[in-house]
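In this chain, residues are counted from 1 in sequence order. Atoms considered below: every heavy atom in the structure, side chains included; atoms not considered: hydrogens, waters and symmetry mates.
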Amino acid sequence: MRSASKLDAMSEAEATQALARCCGASRWVTGMLERRPFGSDTHLLTCADEVWSLMRPADWHEAFAHHPRIGASLESLREKFSQTASMSAAEQAGAMTASEAELEALRDGNLRYEARFGHIFIVCASGKSAAQMLELLEARLGNDPDTELRVAAAQQLEITRLRLRDL
């Protein structure tokens with residue numbers, strides 16, 4: 001992985017940008033910067049977990065806002081999320097190869113999800129097909145809002161850890 005050594009070698013401005021691409025919560029980025037140098041990838045991921053555990057719902061929502069909707073077009077990924085578009089596109093590869101019907105179902109499911117919970121559907125999409133993501137979305141629509149917010153926050157941490165590994 002060697003992400004820790006890369007982050008340790010960066011200027012503060014470069015590390016800030018790199019960490020913000022991994023997680024859009026500004027307090028998380030600041031907390032991570034305070035823990036540099038990381039020394040090892042294991043310590044980097046431990047720090048990521050520790051800092052995330054200090055975040056609150058407002059921080060979670062800030063992080064969520066940096067994600068495109070699952071099933072969004074590649075063009076909208078490039079326009080709205082230029083800094084994380086390549087990461088999101090790779091993470092959402094299953095959605096990018098989905099049929100039109102699956103994409104429409106994901107779009108419609110996302111709209112129902114957002115209306116119910118007030119934020120986009122957050123799932124670590126890496127390695128999941130569109131059908132699997134749709135199944136997860138449908139299942140999570142049955143959660144109460146507090147439970148779902150915590151599930152989404154846990155998924156955000158999983159995405160963050162994946163992105164840190166890919167730095």
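Sorted by first then second residue, the salt bridge (Lys or Arg N to Asp or Glu O under 4.0 Å) pairs that include residues 142-160, not counting sequence neighbours, are Arg140-Glu148. Every pair passing side chain to side chain donor-acceptor pair (under 3.5 Å) that includes a residue from residues 51-63 is listed here, sequence neighbours excluded: Ser26-Glu62, Arg27-Asp59.
Residue Leu111 holds its CG atom at 11.5 Å from CD1 of Ile120, rounded to the nearest 0.5 Å. In this structure, the separation between CE on Met10 and OG on Ser5 is 9.5 Å, given to the nearest 0.5 Å. For the atom pair CG (Leu137) and CG (Asn110), the distance works out to 5.5 Å, reported to the nearest 0.5 Å.
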For Cys23 and Arg163, run side-chain contact (heavy atoms from CB on, under 4.5 Å): C-alpha distance rounded to whole Å, both residues' side-chain angles, the deciding distance at 0.1 Å, then the answer. CA-CA 8 Å; Cys23 177; Arg163 289 179 175 184; over 6 Å; no
Verdict with supporting geometry, Trp28 and Thr160, side-chain contact (heavy atoms from CB on, under 4.5 Å): CA-CA 10 Å; Trp28 182 85; Thr160 300; 3.5 Å; yes
Stepwise side-chain contact (heavy atoms from CB on, under 4.5 Å) test for Val51 and Val29: CA-CA 9 Å; Val51 173; Val29 172; over 6 Å; no
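Listed by chain and number, the residues in a side-chain hydrogen bond (donor to acceptor under 3.5 Å, both in side chains) with Gln132 are Ser129 (sequence neighbours excluded). Annotation: salt bridge (Lys or Arg N to Asp or Glu O under 4.0 Å) contacts of Glu138 (sequence neighbours excluded): Arg112. When the side chain to side chain contact (heavy atoms under 4.5 Å, CB included) test is applied to Glu12, the partners found at least two apart in sequence or on another chain are Thr16, Leu33, Arg36. For Glu114, the side-chain hydrogen bond (donor to acceptor under 3.5 Å, both in side chains) test picks out Arg69, with sequence neighbours left out. Applying the salt bridge (Lys or Arg N to Asp or Glu O under 4.0 Å) rule to Asp108 yields no partners; only residues at least two apart in sequence or on another chain are considered. Taking Phe117 as the reference, Tyr113 meet the ring-ring contact (aromatic ring centres under 6.0 Å, His included) condition, with sequence neighbours excluded. Residues meeting the salt bridge (Lys or Arg N to Asp or Glu O under 4.0 Å) test with Glu50, sequence neighbours left out: none. Residues passing the side-chain hydrogen bond (donor to acceptor under 3.5 Å, both in side chains) test with Arg35: none are found, sequence neighbours excluded. Here Ser40 pairs with Thr42, His43 under the side chain to side chain contact (heavy atoms under 4.5 Å, CB included) rule; sequence neighbours left out.
In terms of heavy atoms, Ala4 sits closest to Asp41 at N-OD1, 2.7 Å. Contact record, Phe64 with Ala153: CZ-N, 3.7 Å, taken as the closest heavy-atom pair. Residues His67 and Ile159 approach most closely at CE1-CG2, 3.7 Å, considering heavy atoms. Counting all heavy atoms, side chain and backbone alike, Asp8 lies closest to Pro37 at OD1-CA, 3.2 Å. For the residue pair Pro145 and Arg116, the shortest heavy atom distance occurs at CD-NH2, 4.4 Å. Between Leu162 and Cys124, the shortest heavy-atom contact is CD2-SG, 4.4 Å.
When side chains are defined from C-beta on, Glu14 does not count as touching Leu7, because their heavy atoms never get closer than 4.5 Å. A 4.5 Å side-chain heavy-atom check between Leu149 and Pro57 finds at least one atom pair inside the cut-off. Between Arg107 and Leu103, the closest side-chain pair of non-hydrogen atoms is not below 4.5 Å. A 4.5 Å side-chain heavy-atom check between Leu134 and Glu102 finds every atom pair outside the cut-off. Residues Val151 and Ile122 have side chains not in contact (no heavy-atom distance under 4.5 Å, counting atoms from C-beta outward). A 4.5 Å side-chain heavy-atom check between Leu45 and Arg165 finds at least one atom pair inside the cut-off. Looking at heavy atoms from C-beta onward, Leu106 lies out of side-chain contact with Phe121 at the 4.5 angstrom threshold. Taking the side chain as every heavy atom from C-beta outward, Ser3 and Lys6 never approach each other to under 4.5 Å.
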